[in-house]
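Have a look at the structure below, then the notes.
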Amino acid sequence: MAVPAPLIDRHGRAIDYLRVSVTDRCDLRCRYCMAEEMRFLPREAIMDLDEIAVIAEHFIARGVRRVRLSGGEPLVRRGVTGLARRLGGQIGAGLDELTLTTNGTRLATHARDLADAGIRRVNVSLDSRDPATFRHITRHGDVGQVLDGIAAARAAGLAIKINMVALAGLNEHEIAPMLAWCGEQGFDLSLIETMPLGQVDEDRADRFVPLTRIFDRLSARHALVRDLHRTGGPARYWRTPWGTRLGLISPLTANFCDGCNRVRLTTEGKLYMCLGHDDQVDLRAALREGGTAALDAAIDAALVAKPARHAFAIAPGAAPAVARHMNVTGG
Ligand code: SAM
């Protein structure tokens with residue numbers, strides 16, 4: 001049987017990273033991510049977990065070495081640890097790493113199963129450690145649940161990276177203490193600029209904080225040493241005095257699309273080649289209609305269509321760059 005070609009897009013970028021949104025649903029409603037009233041996909045529109053696994057395995061066969069499960073909130077989908085076990089079985093057989101991004105509310109229940117599945121690190125979103133601020137940002141979340149989840153993940157042996165979206169007037173003052181807390185706990189911290197994805201109930205321009213501003217403040221206080229670690233994403237990294245890593249994900253103030261190595265599969269089976277564009281290819285339809293040969297052809301068409309870069313901008317009153325919210329394409 002012919003070996004399918006590796007995944008190289010028309011800009012010469014090798015694609016070896018797949019993000020999978022296993023559900024668009026979430027148990028939180030972070031203000032910068034979602035509107036309070038969200039309409040989620042009807043159950044019949046979402047792929048079953050077997051179909052997701054088949055597509056992900058096909059990507060691994062074509063050279064994807066890292067898979068991240070995301071959402072929505074991946075841990076609200078029943079059976080997701082079974083999917084993790086199945087994909088975890090590919091580690092060492094093509095796959096280097098399986099990871100998960102979670103809001104942490106259900107980590108206390110699932111951390112051990114995730115570790116048993118072969119996951120070694122998780123990203124946990126934590127925009128504030130203050131209970132009232134956390135509740136406000138998430139609209140109803142309980143930070144205690146997330147901290148318990150983080151503790152359970154650590155007890156299960158998982159390495160932890162905290163994701164924090166910088167929000168003017170909400171958590172900007174907590175960023176320096178969060179860096180110190182993460183350092184003391186041995187957690188990496190990634191700071192994220194709010195991105196113009198999907199209509200929310202506030203104007204994102206009011207909350208946008210350029211990470212250049214944050215970095216200037218942090219580096220005035222701490223010796224931060226540039227770390228050339230790259231993941232092919234929009235992040236740049238520094239070593240902190242605690243030996244942990246600080247990542248800045250700054251798609252608005254510093255563009256790194258030239259090294260982009262990833263594509264994103266939605267729970268409906270659509271492959272988005274760029275977070276900042278609407279172009280997508282329907283892999284589920286291809287698989288159902290023509291099996292793996294059609295799936296390969298659809299993936300090849302997606303690679304040709306992968307844009308050179310996004311064109312995010314945030315301006316007062318401006319419509320979001322793309323209509324879909326982050327939960328569709330999985331962060
Ligand atoms: N529910 C999981 C979680 O909370 O981590 C996974 C999905 S969530 C969409 C993934 C990441 O995207 C989170 O760190 C979240 O804070 C971030 N995010 C969501 N909407 C965003 C936006 N508009 N701009 C920047 N980051 C966003």
Side-chain angles (χ1 to χ4, degrees), residues 19-35 38 40 68-77 80 99-107 110 114 119 121-128 133-134 137-143 145-146 149-150 153 160-168 170-171 175 178 182 187-211 214 233-235 247-253 262 264-267 272 275-276 310 312-314 318-331:
R19 286 205 178 181
V20 182
S21 174
V22 298
T23 176
D24 64 332
R25 290 167 194 256
C26 190
D27 52 348
L28 299 180
R29 293 285 182 280
C30 299
R31 289 170 187 271
Y32 56 84
C33 181
M34 292 186 179
M38 289 288 288
F40 296 107
R68 176 176 293 280
L69 303 178
S70 186
E73 171 47 40
L75 297 181
V76 304
R77 176 130 190 207
V80 73
T99 54
L100 176 102
T101 301
T102 175
N103 64 26
T105 60
R106 300 186 183 200
L107 250 187
H110 295 297
L114 296 172
I119 289 180
R121 4 182 239 123
V122 288
N123 288 4
V124 184
S125 300
L126 182 63
D127 295 323
S128 171
T133 308
F134 185 85
I137 293 174
T138 59
R139 291 199 174 94
H140 58 254
D142 172 4
V143 75
Q145 251 178 352
V146 179
I150 291 171
I160 293 160
K161 176 156 84 181
I162 300 295
N163 279 345
M164 180 182 193
V165 177
L167 299 163
L170 286 180
N171 68 0
I175 293 176
M178 185 71 93
C182 285
F187 304 155
D188 291 340
L189 172 66
S190 278
L191 301 174
I192 306 174
E193 285 178 347
T194 181
M195 293 175 231
L197 298 174
Q199 199 70 50
V200 291
D201 302 325
E202 336 188 310
D203 189 337
R204 285 199 184 86
D206 296 339
R207 297 286 177 214
F208 177 71
V209 186
L211 290 184
I214 302 294
L248 299 190
I249 302 179
S250 44
L252 285 112
T253 56
R262 61 197 59 191
R264 294 176 161 87
L265 180 68
T266 72
T267 191
Y272 281 87
L275 199 53
H310 65 72
F312 287 150
I314 289 210
V322 295
R324 64 179 193 283
H325 294 83
M326 187 77 111
N327 62 314
V328 175
T329 32

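In this chain, numbering begins with 1 at the start of the sequence shown. For ligands, and for the atoms within them, numbers begin at 1 and follow the listed sequence. Below, all heavy atoms of this structure are taken into account, side chains as well, without hydrogens, waters or symmetry copies.
Atom 27 (C) of ligand 1 has its closest protein heavy atom at Met326 CE, 3.4 Å. Closest to atom 24 (N) of ligand 1 among all protein heavy atoms lies Met195 N, 2.8 Å. The protein heavy atom nearest to atom 8 (S) of ligand 1 is Gly71 O, 4.4 Å. What sits closest to atom 13 (C) of ligand 1 on the protein, heavy atoms only, is Ser125 OG, 3.2 Å. Of the protein's heavy atoms, Tyr32 OH, 3.8 Å lies nearest to atom 15 (C) of ligand 1.
Proximity of Thr102 to ligand 1, defined as any heavy-atom pair under 4.0 Å, is confined to the backbone N, CA, C and O atoms. When heavy-atom distances to ligand 1 are checked against a 4.0 Å cut-off, Asn163 comes that close only through its side chain, counted from C-beta outward.
Between Ser70 and Gly330, the shortest heavy-atom contact is OG-O, 2.8 Å. Across every non-hydrogen atom of Val209 and Ala168, the tightest pair is CG2-N, 3.2 Å. Minimum heavy-atom separation, Leu211 to Leu191: CD1-O, 3.4 Å.
Contact annotation: the side chain of Val22 never approaches that of Thr267 to less than 4.5 Å [non-hydrogen atoms, C-beta and beyond]. Between Arg264 and Leu275, some side-chain heavy-atom pair lies under the 4.5 Å cut-off. Within the 4.5 Å cutoff, the side chain of Thr253 has heavy atoms near those of the Pro210 side chain. A 4.5 Å side-chain heavy-atom check between Asn171 and Phe134 finds every atom pair outside the cut-off.
Under the salt bridge (charged side-chain N to carboxylate O under 4.0 Å, His left out) rule, Asp27 has a single partner from Arg106, Arg77, Arg139, which is Arg106. The side-chain contact (heavy atoms from CB on, under 4.5 Å) test with Leu126 is passed by exactly one of Asn163, Asn103, Ile150: Ile150.
Ligand 1 has a nitrogen or oxygen under 3.5 angstrom from a nitrogen or oxygen of Glu73. In terms of polar-atom proximity, Cys33 is not counted as a contact of ligand 1, lacking any N or O under 3.5 Å from an N or O of the ligand.
A distance-only check finds a donor-acceptor pair linking the side chain of Ser21 to the backbone of Thr23 [under 3.5 Å].
Each of the following atoms of ligand 1 lies closer than 4.0 Å to a heavy atom of Arg204: 23 (N). The distance from ligand 1 to the heavy atoms of Ser70 drops below 4.0 Å at these ligand atoms: 6 (C), 7 (C). Counting the atoms of ligand 1 from 1 in the order shown, those under 4.0 Å from a heavy atom of Val165 are 16 (O), 26 (N). Heavy-atom contacts of Ile192 reach the following atoms of ligand 1: 25 (C), 26 (N) (cutoff under 4.0 Å). Of all atoms in ligand 1, numbered sequentially from 1 with element shown, those under 4.0 Å from a heavy atom of Gly72 are 1 (N), 2 (C), 6 (C), 7 (C).
Residue-ligand proximity: Met34 is placed with every non-hydrogen atom at 4.0 Å or more from ligand 1.
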